[in-house]
Each structure stands twice: as C-alpha cells, then as structure tokens.
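Everything below concerns the one structure shown next.
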2 protein chains.
Amino acid sequence: MTSSVARGPYKPGKIRQQTQEKILQAATQAFSVHGFNGTSMQSIADAANVPKANVHYYFKNKVGVYTAVLENIIGLWDTVLNDITAEHEPKQALCDYIDAKIKFSRTHPRESRVFAKEMLSGAPHLQAFLEEDYQRWFSGRIAVFTAWIAAGKMQPIDPAHLLFMIWGSTQHYADFEPQVVHSLGTEALQQHHFDQAAATIKQVILAGCGLE
Amino acid sequence: MTSSVARGPYKPGKIRQQTQEKILQAATQAFSVHGFNGTSMQSIADAANVPKANVHYYFKNKVGVYTAVLENIIGLWDTVLNDITAEHEPKQALCDYIDAKIKFSRTHPRESRVFAKEMLSGAPHLQAFLEEDYQRWFSGRIAVFTAWIAAGKMQPIDPAHLLFMIWGSTQHYADFEPQVVHSLGTEALQQHHFDQAAATIKQVILAGCGLE
DNA sequence: TAAAAAATTGACTAATTGGACAAGAATTGG
DNA sequence: CCAATTCTTGTCCAATTAGTCAATTTTTTA
C-alpha cells in the first residue's frame, strides 16, 4: 500500500527541516502580533500543530526561536531586495529599490513587524547584524550616492537621510497598517494600494532628487 | 520647622495628580522598551518608586495603566503638532509640520515607540482613536492638500501617501533609532542629527511637490 | 529485519506575575 | 483637635509559563 514512491524517498534531515520551518512560520506570526514576551511557547506550538516539547526539541529555548526568526528575516532581504549600485543610473536604481521595498511590505508584513518591534526595543538581538553586514551595506550605498552626486547625476542630497526616508516611507505600509487602513477607508490593503504608494513615493523621491 | 510655606499649601488632588504622573512616566519608559507583556506592574512600581499596590490604587489594572499612557501620548500630539491648514501656503505648512514632527521624535522618543508598538500589534487599544479623532484629522488634511492642488499651488501628488511619507520619515528617527545610530556612526542622536534630518526631508518633500 | 538514531509526546516543576485585600499612616475639613 | 477621607504598604493567591525529563513511537541504516 504505502510504496516508497507514494511516501517519497526518506531523506535525512527532511523531517527536521520541515518541522523547523513550520515552527518558524508560526513563531513569526505570533511574535509579529504579540511580541517576544507576549508570545508563549505553547501558543507557537499550537499554531504549528506540534506539542510544546517538540518546539524545545528543535530550538534550544525561546530566545533560540526568536533569533532564528530574526535571522530568517535578514536572510530574506538579501534574497529579495535589489541592490543600489553605481553601475545603474540613479533613477532606475531608486525605482527598483523602492518597488522591491514596497513589495516586501506587502508580501512579508509579519517579518517586517517582528524586525520593527526588535528595533523599537533597542535591537538587543541585532547588535551583530547592525555592526557588521548592515554597516557594510549602508556605507556602500552612501558611496554610491556620493559618486552619483559627484558625477552630477543627482542633486546634492544627504544620502543617509535620503535612505532613511525611503526606509521609513516603505516600512510604514507594513508597520503602521492599521493607521493606513483607516486612513484609506478600506478593509485591508490591496495590491492597488501598494502600487499607488510606490508610485507616489517614487514621484516624490525622484523629483526631490532632481531626477525628473 | 516645617512651615506651611515650606511645604506649600495642601491642595486636594495634588498628591493624586503627582503620583499618577510619576507612575505614568515610569510606565511609558517601561512599555516603550519592553512592550505591554514584557512590562510587569512590579517594574513600573519600582521605577516610579512606589510599592506595587500603590499602582493598583491609582489605576484599575495593567490595561488601565497602558491606556492612560496611550491617551497621554495622543494628548501630547494635539498640544505639540502644528496643524496643516489651507490658510497657510503649502511650503510653510509642510515645513512647520515636518519640523514639529521631527522635534517630537527627538523630545518624545519613548512616547513615539509605545505608539508604534501598539500599531505593530494591530492597534487593539486605538480603534476608537483611529475611527474618530484621527479619521477626522486625516480627511481634513486631505481636503487641504486637494484644495492646494486645485488652486495650482502644488503639483498633483496623492495627499494620503504624501502624508504617510512624512509620517514614516519623521517617525523613523525615534522608532528605528538603533539603525539610525549605527548608520550615522554616532553614539547617540544629537540635535544636529535631527536638524540635518529635518533639512533633508524638507528638501526632498518640497522639491518632490514642486514647491522650490 | 533488527539495532540505532531521530522524533514525538505527556507529565512535572520552579519561577514569575497580575491582582486582591486589609491594616495602618497621613492628610484634610469642620 | 477629632472624625472622615485619602493614601500607603506588606502579604497572600491563583494563573500562566519556560523549560526538563523520561518514556514511547517512528524512521533510518546496515
């Protein structure tokens, strides 16, 4: 009856990887709404449909689950976000980045919120990230903007604060969703809301940088 | 020894008001870092230098303390934020609003963070606010922008998303402080960082709206 | 197919926490 | 100065929760 074909071949680590992923998703959802302290191991287990002891089998402890969620989020960015490089023209690079960032707010609002909550708490579990990968990425982008400005491809705008503007503006649609929803008089944010958001942000940023 | 002058005249309700305020400030600080669930009544009491039972004497329960904090924050905005009205020219009104908003991020980061955390959790304790006062304020501002655009005083920019940009950009300096601090390579944000932020935001937004 | 390894699970424990309460101290008004 | 009111505070309790453990089942390997 249960042929190896029907069940699929057993691969070592497959169960581990699948159950871990299930727990990770459940935890991301829970942390995004209730925060670290507001989320119980039991509630994560329930949402993942495993007994609580099983969560402890795959993760050392609650902090272990939480840091795994954070690391997963950081990995997502590397995968999803187009980078701003000097090879591209400012206009195209900024448009691509804004589009990708808005798309992230739409497709990964839970991840965005977990990250935001961590920042709001002083980012105690993100020190390493902020001091290494992020620092490197940020100064790299500053260099790109500086080069663009030096080459006369862009008005002289403080690159750091420009990046913060883009960050803040795009994050807003995930992190302050209730406010946006009420403002727009809708039930939930739809694709066209995000399209309109991206269009407006690009319009203002591009004109603001003298790129139109 | 202890003259009534030295102690000041006893006013009924004075003690209540003072102790309540002390607890409220301690609670704001605690909630801003650890969130609702991460903050214990004991820790609030300790920070306010009163026994825990005293907190329960002035507030019905933990939710009572929390909503008092939120109401206090909303009240602060009404006091501090300049309003955007059709009587002013767009340029001046936007500058004033951005300046006031950045100043709020600088002078009230804790309040800003409590509010942001509440939003991130779906704003369960802000439904009334979002559906009443805020809704009214927001549609009023939309009307102002629409009038400006109709009068040719401003480029046609989606007013709602423009407001979100301003909100997101200015909030960022309070809510994502660790990121900003690491990005700017400083120990803590200083007055001049906020000045530079406000200048850049105004520069981009004004040019973005065709107001330069 | 049998032993080894990996995964599942229920039961238990120690610690924390929100809240209740009542006794006592300080303040106020007459 | 005295009674009423307001405020303070130590103590206690029930509920929740993170984490442990050992027994059992399932899966893999040889």
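In what follows, chains are A, B, ... by sequence order, proteins preceding strands, each numbered from 1. Just so it is clear, the model here is predicted, and its values are computed rather than measured.
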* To do: Classify the ring geometry between A:Phe129 and A:Phe115 as parallel (under 30°), tilted (30 to 60°) or perpendicular (over 60°).
  => perpendicular

* Going by number, which of residues 27-34 of chain A have a non-hydrogen atom under 4.0 Å from DNA chain C? -> none

* Sub-6.0 Å ring centroid separation between B:Phe164 and B:Phe138 -> yes

* Grab the CZ-P distance between A:Phe59 and C:dT8 for me, whole Å please. => 12 Å

* Euclidean distance, atom CD of residue B:Gln18 to atom P of C:dT27 [Å, nearest integer] -> 12 Å

* Asked: For nucleotides 7-22 of chain D, read 5' to 3', which letter fits each nucleotide if B means a protein heavy atom sits under 4.0 Å from the base, S means only the sugar-phosphate is that close, and - means neither?
  -> BBBB-------BBBB-

* Backbone N or O of A:Leu189 within a donor-acceptor pair of the A:Thr186 side chain at under 3.5 Å? -> no

* To do: Give a yes or no on whether a salt bridge exists between B:Asp99 and B:Lys202, defined as a side-chain N under 4.0 angstrom from a carboxylate O.
  => yes

* Asked: Is A:Arg141 paired with A:Asp83 through a side-chain N to carboxylate O contact shorter than 4.0 Å?
  -> yes

* Asked: Just by distance, with hydrogens left out, do B:His88 and B:Thr85 show a side-chain donor and acceptor under 3.5 Å apart?
  -> yes

* **Inter-residue atom distance B:Leu94.CG - B:Met154.CE, 0.5 Å rounding** => 6.5 Å

* Between atom CD of A:Gln179 and atom CD of B:Gln135, what is the distance when rounded to the nearest 0.5 Å? -> 11.0 Å

